[in-house]
Amino acid sequence: MLIDSHCHLDFPDFSADLPGVIARAKAAGVTGMLTISTRVAKADTYRAIAEAHPEVWHTIGTHPDGAAEEPDVPAETIAALATSSPRCVGIGEAGLDYHYPDAAPEAVQERVLRAHIAASREAGLPLVIHARDADDHMERVLADEMARAPFRAVLHCFSSGPRLAEAGVELGLYVSFSGIVTFRRSHALRDIARAVPLDRILVETDAPFLAPEPHRGRTNEPAYTADTARSLAGTLGLAREELARITTANFFRLFDKAAGTPPGAA
Ligand SMILES: [Zn+2]
Ligand SMILES: [Zn+2]
């Protein structure tokens, strides 16, 4: 049993055949999947997908690419949307992303991230953190907020440097690995994975993006969690079943609300 801890089932890539996507995931042993919000304004869409498919949970939040579109959503609004949806098990994804030249200003992204951290504390739900080309800024914000009051979180699709992974683990965060860890040239990322404590590791697809080997270049889908897990098990010197057992236990420890509504118990 594997859980895809991060996918985007609302994307148009999946609209033609979502039942088929979910059936292929289950056939590959991926029995649960967490579909991730990119805009608070679309909360109803995520909730509807999770309520239509008992294998799916969802989150609520604003992706940093949308920070300029949703710069001032109060933490209380995000928390209330999350706690009122039975299958909403997390906040986010939120974070900092300076990869593209048209990214929202740093101050706006930071404000939105801090609002999501506040929502995470208020709702008692973990935060899904997106960080890209923002290592130092992210480390500062996380350390500052954790010192203010604790919250639970995962650094998703980890592709930052070793220092942010180390800082995140020290702060009690989980680290989730996507198909990037299967790519031939990702030696540095595999070194990071070997340094993260086993009880903090999650696996994900980030579908429809970043298909793992041997599907690289195709539309990613939750079934391919199995390929990333197989590759990561090899990297860590674990049997596939052992990696599946560990990452599934980690998922339900972090997203503890999901443990109350397991796959099939919609
Ligand atoms: Zn992301
Ligand atoms: Zn994502």
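This structure is a prediction, so every number in the text was calculated from the model and none was measured. Each ligand, and each atom within it, is numbered from 1 in the order the structure gives. Sequential numbering from 1 along the given sequence is applied to the chain's residues.
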Among Thr205, Asp206, Thr38, which residue satisfies the side chain to side chain donor-acceptor pair (under 3.5 Å) criterion with His8?
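In the set Thr205, Asp206, Thr38, the residue that makes a side chain to side chain donor-acceptor pair (under 3.5 Å) with His8 is Asp206.
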Do the ring planes of His130 and His156 sit parallel (below 30°), tilted (30 to 60°) or perpendicular (above 60°)?
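Ring orientation of His130 relative to His156: tilted.
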Flag yes if Val30 and Ile246 sit in one hydrophobic cluster, no otherwise; membership is Ile, Leu, Val, Met, Phe, Trp, Tyr, and two members link when side-chain heavy atoms are under 4.5 Å apart.
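Yes: a chain of side-chain contacts under 4.5 Å links Val30 to Ile246.
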Donor-acceptor pairs are to be reported for all side-chain atoms of residues 9-16 against protein atoms at under 3.5 Å, with residues two or more places apart or in another chain.
| unit_1 | atom_1 | unit_2 | atom_2 | d |
| --- | --- | --- | --- | --- |
| Asp10 | OD2 | Lys42 | NZ | 2.8 |
| Ser15 | OG | Pro12 | O | 2.9 |

Applying salt bridge (charged side-chain N to carboxylate O under 4.0 Å, His left out) to Glu51 and Arg87, what does each step give before you reach the verdict?
CA-CA 7 Å; Glu51 289 182 349; Arg87 296 186 69 81; over 6 Å; no
Within less than 2.8 Å of the Zn ion (ligand 2): protein N, O or S atom count
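Those protein atoms number 4 in total.
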Between Asp144 and Arg114, is there a side-chain N and carboxylate O pair less than 4.0 Å apart?
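Between Arg114 and Asp144 there is a salt bridge, with a charged N closer than 4.0 Å to a carboxylate O.
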